Each structure stands twice: as structure tokens, then as C-alpha cells.
Amino acid sequence: MKTALWTTWLSSLPVLRGSTFLEKRDGDTRVVALPIQGTRSINPARRHRLRRRGSFAAALDNEETMYFMNATIGTPPQPIRLHLDTGSSDLWVNTPSSGNCLVHTDQCELSGTYVANDSSTSQYIGSYFNISYLDGSNAEGDYVSDTVTVGSQQLDRLQFGIGYGSSSAQGILGIGYEINEVQVGRAHMEAYRNLPSRMVEEGLIQSRSYSLWLNDLYANRGSILFGGVDSGKYEGQLQTLPIQSETGIFAEFMVTLTGIELRNRTIGDKHMALAVLLDSGSSLTYLQDDMVKEIYTALGVHWTSTELVGYVPCSLAQERIDLTFNFSSPRIAVPMNELVLEIVTDKGDRPTFADGAPACLFGIAPAGHGTNVLGDTFLRSAYVVYDMDRNQVSLAQTRFNSTVTKVQGIAAAGMNGTNGVPGATLVTNPVTATSGLVGYNAAGMGPKNAGGHGVSAMGRRWVLGLSFLVSLSGW
Ligand SMILES: *[C@@H]1O[C@H](CO)[C@@H](O)[C@H](O)[C@H]1NC(C)=O
Ligand SMILES: *[C@@H]1O[C@H](CO)[C@@H](O)[C@H](O)[C@H]1NC(C)=O
Ligand SMILES: *[C@@H]1O[C@H](CO)[C@@H](O)[C@H](O)[C@H]1NC(C)=O
Ligand SMILES: *[C@@H]1O[C@H](CO)[C@@H](O)[C@H](O)[C@H]1NC(C)=O
Ligand SMILES: *[C@@H]1O[C@H](CO)[C@@H](O)[C@H](O)[C@H]1NC(C)=O
Ligand SMILES: *[C@@H]1O[C@H](CO)[C@@H](O)[C@H](O)[C@H]1NC(C)=O
Ligand SMILES: *[C@@H]1O[C@H](CO)[C@@H](O)[C@H](O)[C@H]1NC(C)=O
């Protein structure tokens, strides 16, 4: 089945090929551009079982609908594929002898694994690496440091975790705030410099910032630009919003959502000021149950209480309907075809409703008591600049499939004459979130209000019940 899933990937973007990974421009414009790739088809059966604590039996999707980038670790280099996650802050990789990889050898081979003893540059740091994501997956083992290469850029002695025990075959590259590292949250130690910080330290980029262009669901390729912004990849103007702190601490990419519209209809509270997490590690978008109910009703989404997700006829993708998200001023329109996800069974078939119509997964699911998360089904429609130096996020409508590249560096905070992201305007009177902030609670511990189902703020991967095919036929 691997082939069926991975052959839809396209080659790297022409503009990002080869030696242009690092673009050095006049003056102080330093950026690191890297291609990323994602998957389109989802195979509900191709995942291992995992029982979520006290809730429901579910299957954890470890491989599909994620965005990856390539890297190598060690000397000589060991190739690794990393799931890019703005919702967590640690890089970790599996080792081939982890319990998980002994069982899922093929998946681990595909993702890549790391053997510290095979690298002459590996240095042991401590055995306190222990991360859990609230989708139920986890990894624990050693923290080490080693040479990590992304694109043509090499970072020596970058700290990361090795999952000697893990429940996921896929290594993760968390690029969020350092305070969200499990070394801080669990081991109560000082933060270490994670990848964005090390890039600044090495002078590869000027500020702890990056722009993520996930691109079209049907393109499966996009790019991440560390330390810069590419005005060829969005429409209109980038608008800058403050990140919402949690009890005074900037720990996650929370911004205030002030409204959702579906056709001419307002979804949810007219005076919404809801904190939502921008999380590339989450395949789906999770919103308050009442809002999801309104959306489902308006669009005729079939709800499955066992799986906590909704299904729609795949033909909904052809409807020219947008779901528009308002953030004080910037508005991001998400077209219906970005919200309708194809799924395949392990036989390669597309599941159908009882009347024979092909069934697709809907890209928005209820958050329950958990954090509201704008995952990949939202993020593909937006060009997002994450700026951890200024605690700001800049948003614009994405330009799908753009081959235009106009890169500018993002200066360090505090530089004269720079207000941050080139070409971006600050939103005047941005709304402060009055709900949806659960309070900072360091990585690995999860939001304070964890409980019930569907709760996850970090590194969330979507979860689909095993009863999928059975329940479909009952409709
Ligand atoms: C990652 O490496 C694989 C194997 O060499 C290649 O097929 C794929 O296109 C690369 N992906 C990216 C995003 O560079
Ligand atoms: C790495 O090598 C050391 C020394 O040879 C050995 O003690 C250790 O068990 C090895 N670690 C692993 C994970 O194989
Ligand atoms: C990792 O953390 C979890 C949750 O706190 C705990 O149950 C587990 O024992 C820890 N693992 C190690 C090796 O300390
Ligand atoms: C982007 O390119 C993909 C692959 O070529 C294509 O399927 C898709 O329709 C394009 N999207 C848009 C919005 O043009
Ligand atoms: C939606 O609003 C537009 C412009 O205000 C109007 O032309 C259109 O008829 C409205 N559509 C519906 C379904 O109400
Ligand atoms: C977007 O939200 C802001 C803040 O609530 C509001 O002032 C503005 O009117 C909204 N924009 C639209 C087009 O609804
Ligand atoms: C900003 O400009 C002032 C006046 O020219 C200068 O004194 C100061 O050092 C500059 N600060 C930075 C961060 O460049």
C-alpha cells in the first residue's frame, strides 16, 4: 500500500531545487528554504491500534496526511524523514531496535531511524527524554546531540531525543517555542536551543521565524522558509496578529479567531474571541462542538459518535462553497475541496455510503473540551509566518501552486527600521482572546483541561476509529 500512497508525491519545487536551499541575498537577507511534502490519500486501515486512555478504541494514523521534510543525522549521515510540527518543540527520531520499530519495521524504514552508536559525532546528554502527545502517542529514551543536516545546512551538536520506546513510527520535528520542550515541562530544566534557535545562533537566519506554505491538498508539496517570507506565495497583504499568551507566557501559536462564515451564515457567536492553535502537526481542524454542529448541519455532514469525525459524500468537494475564518482583520477562505479528504481502505477501495456514493472524511471535527486547533485542513489555505522573536503571526490567503518566488529575510527583533515581517501590516486593534486559552502547561503534560475526547494541543495527529467501514454501511 505504500506505493499507492507515496506515488502521488511530486518532486520538489523547481524554485527550491539543489543549491538554492540557502539563499543569500544582499545585505542581511538570510533564509533557509526547504521543500516539504504531504500525502493526499488516507488509508484508515494502515495504522496500528492504540487504545486511548479511558475513551475509545481508536487507530492512530502515524503516516498519512502529514507534512514531512528530509534531513540527515550523524556522521556518516543517517537519512531521516521528519513530520513537521508547529505544535511541539522537540525533535525526536526512532531507533531501529525500539519496540515499535521491531513490529513496524517497514514503516520505520520508510521514516528512517537513527543509531547513536553508528555516528562518530553523537554525544549522550541524558536519559530523561519523554514526550507524550495528547493523541495518545509518545516517545521516551535519551537526549543526545549530533550533526543534523537540513537542505544544505548543517547544524552541529543539535539536541534531540531518541525514542527507544515509542508508539509512532514517524520521527517529529517540533519547531515551536523552546519553553514547550519536554526538557522544560517534564524534566524542569532550562530550555535547550531547538532547530529555529540554532539556525539563528549559527547565523543562517536572523530571527526565530519561519513561513509555512503547505499548498494545495492536491499538490502534496509545499515549503518551509526559515527566517524569511516569500511574497510570491500569497494573495493580497500579509497581516500581523499578536500571539495570545497563556497566563503571560508565550508557549504556543495561539491567535484569536473572531468569526467563521459559511456562505452568508455566521457560525457560532457573533462576538467570538476564541483562541485557536495553529498546528501543522494536526491533520484536521478541531473547533468547539457547537460550532462544528452548525457546520455539519449546514453542509449535511454525517457524524459518527464512535469515531468523533464526520463523513461527507466526496462530491461535496465540487461545491463552490468557502468557509471563511476571520482573525480581527485578515480573513482566510477555505474552499470546500480542501475540507473533503479522500480515504481508501487497505484494499485500495474508496468506501461508500449505503446508497453507493463515495464517502470522504470531513476536515473539521469537534474539539470536545480541548484546545481549538486549526490544523492542515485550514492551514493549506493560508500563508502563515510564525515569528517567535516578536510573538506574532502574519496571515494571508495562500496562492495555490504558485511558482513565483520573492524571498525577503525577516530581521532580528529590535533592529532599527524594521517592524518585523517584510510586506506585512500590523492589525490595528487586534481582538484579545476571551475564551479557548487553557493556560500554559508545559509540553508533555497537555492542556490543563485535558479530559474527554479529542483533546490535544500538541503534535496532534488525527484519530480514526476502527469501526469506520462498519458504521458507514449503516447510514
Ligand atoms: C525526501 O527524500 C526522498 C528520498 O530521497 C525523496 O523521494 C523525496 O522527494 C524527498 N522529499 C523532500 C520533501 O525533499
Ligand atoms: C552503544 O555502545 C555502547 C558501548 O559499546 C554500549 O554499551 C551500548 O549498549 C550501545 N548502545 C546501544 C543502544 O546499542
Ligand atoms: C514518561 O512519562 C510518563 C507520563 O508521565 C510516565 O508514565 C512514564 O513512566 C515516563 N517514562 C519514563 C521512562 O520515565
Ligand atoms: C495545484 O496542482 C495540483 C497538481 O497539479 C492540481 O491537482 C490542483 O488542481 C492545483 N490546484 C489549483 C488550486 O490550481
Ligand atoms: C449572500 O450575500 C450576497 C451579498 O450580500 C447576496 O448577493 C446573496 O444573495 C446572499 N446569498 C444568500 C444565499 O443569502
Ligand atoms: C472580523 O472580526 C472583527 C473583530 O470582531 C470585526 O470587527 C470585523 O467586522 C469582522 N469582519 C467581517 C468581515 O466580518
Ligand atoms: C538604532 O538607532 C539608534 C540611533 O541611530 C542607535 O543609537 C541604536 O544603536 C540603533 N539600534 C540598533 C539595534 O541598531
Side-chain angles (χ1 to χ4, degrees), residues 2-3 5-14 16-18 20-21 33-39 53 66-72 77-84 92 98-99 109-112 126-134 136-143 149-152 161-167 171 173 182-183 185-188 213-215 219-224 239 241 255-262 264-274 322 324-333 395 427-434 441-446 450:
K2 231 171 276 170
T3 344
L5 287 164
W6 308 113
T7 46
T8 56
W9 290 6
L10 303 174
S11 53
S12 307
L13 288 170
L16 296 173
R17 233 181 250 141
T20 59
F21 280 126
L34 294 162
I36 55 175
Q37 61 192 130
T39 49
R53 274 162 316 190
M66 297 180 176
Y67 285 84
F68 300 111
M69 60 182 255
N70 289 337
T72 65
Q78 301 176 34
I80 207 107
R81 195 188 68 172
L82 297 168
H83 175 204
L84 200 59
W92 73 268
S98 77
E109 275 172 11
L110 185 67
S111 306
S127 298
Y128 54 87
F129 170 66
N130 186 356
I131 194 165
S132 1
Y133 303 91
L134 282 172
S137 64
N138 66 283
E140 57 185 38
D142 294 347
Y143 266 127
T149 303
V150 290
S152 57
I162 305 177
Y164 286 107
S166 83
S167 65
L173 173 57
V182 286
Q183 169 161 314
R186 268 212 171 130
H188 307 296
W213 182 62
L214 295 184
N215 199 13
N220 303 317
R221 58 176 190 177
S223 63
I224 183 163
Q239 296 186 60
L241 297 164
V255 294
T256 308
L257 178 67
T258 58
I260 297 183
E261 277 159 50
L262 179 61
N264 291 10
R265 177 179 179 153
T266 302
I267 302 291
D269 183 2
K270 267 200 164 59
H271 305 287
M272 184 189 300
L274 179 67
D322 289 344
T324 303
F325 293 72
N326 183 9
F327 302 88
S328 297
S329 171
R331 291 161 63 77
I332 304 297
L395 290 175
V427 170
T428 48
N429 304 319
V431 176
T432 299
T434 54
N441 190 1
M445 313 302 282

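What you are looking at is a predicted structure, and each value in this text was computed from that prediction instead of being measured. One-based numbering, in listed order, for ligands and for the atoms of each. Below, all heavy atoms of this structure are taken into account, side chains as well, without hydrogens, waters or symmetry copies.
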Novice: What are the two closest non-hydrogen atoms of Q183 and Y143, and how far apart are they?
Specialist: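 Heavy-atom minimum between the residues: N-OH, 3.5 Å.
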
Novice: Please walk me through it: do I131 and F129 pass side chain to side chain contact (heavy atoms under 4.5 Å, CB included)?
Specialist: CA-CA 7 Å; I131 194 165; F129 170 66; 3.6 Å; yes

Novice: Measure across G163 and A139 and return the closest heavy-atom pair with its distance rounded to 0.1 Å.
Specialist: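 Closest heavy-atom pair between G163 and A139: CA-CB, 4.4 Å.
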
Novice: P35 heavy atoms, cut-off 4.0 Å: which ligand 1 atoms fall inside?
Specialist: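 Reading through ligand 1 atom by atom, the close ones are 13 (C), 14 (O).
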
Novice: Collect the protein residues that have a non-hydrogen atom under 4.0 Å from ligand 6 and hand them over in chain and number order.
Specialist: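 For ligand 6, the contacting residues are T258, E261, N326, S328, R331, V431.
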
Novice: How would you list, by chain and number, every residue that makes a side-chain contact (heavy atoms from CB on, under 4.5 Å) with A273, sequence neighbours excluded?
Specialist: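 Listed in chain order: T256, V431, T434.
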
Novice: Go through the steps for Y164 and I162 under the test side chain to side chain contact (heavy atoms under 4.5 Å, CB included), then give the verdict.
Specialist: CA-CA 6 Å; Y164 286 107; I162 305 177; 3.7 Å; yes

Novice: Check P430, S328, S329 against T258 for a side-chain contact (heavy atoms from CB on, under 4.5 Å) and give me the one that passes.
Specialist: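 When side-chain contact (heavy atoms from CB on, under 4.5 Å) is applied between T258 and each of P430, S328, S329, only S328 qualifies.
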
Novice: Can you list the atoms of ligand 3 that are under 4.0 Å from a heavy atom of N130?
Specialist: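 So the atoms of ligand 3 that pass are 1 (C), 2 (O), 3 (C), 8 (C), 10 (C), 11 (N), 12 (C), 14 (O).
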
Novice: Let's go through R331 and N326 carefully: what are the C-alpha distance in whole Å and the side-chain angles of both, what is the deciding distance for side chain to side chain contact (heavy atoms under 4.5 Å, CB included) to 0.1 Å, and is it a yes or a no?
Specialist: CA-CA 4 Å; R331 291 161 63 77; N326 183 9; 3.9 Å; yes

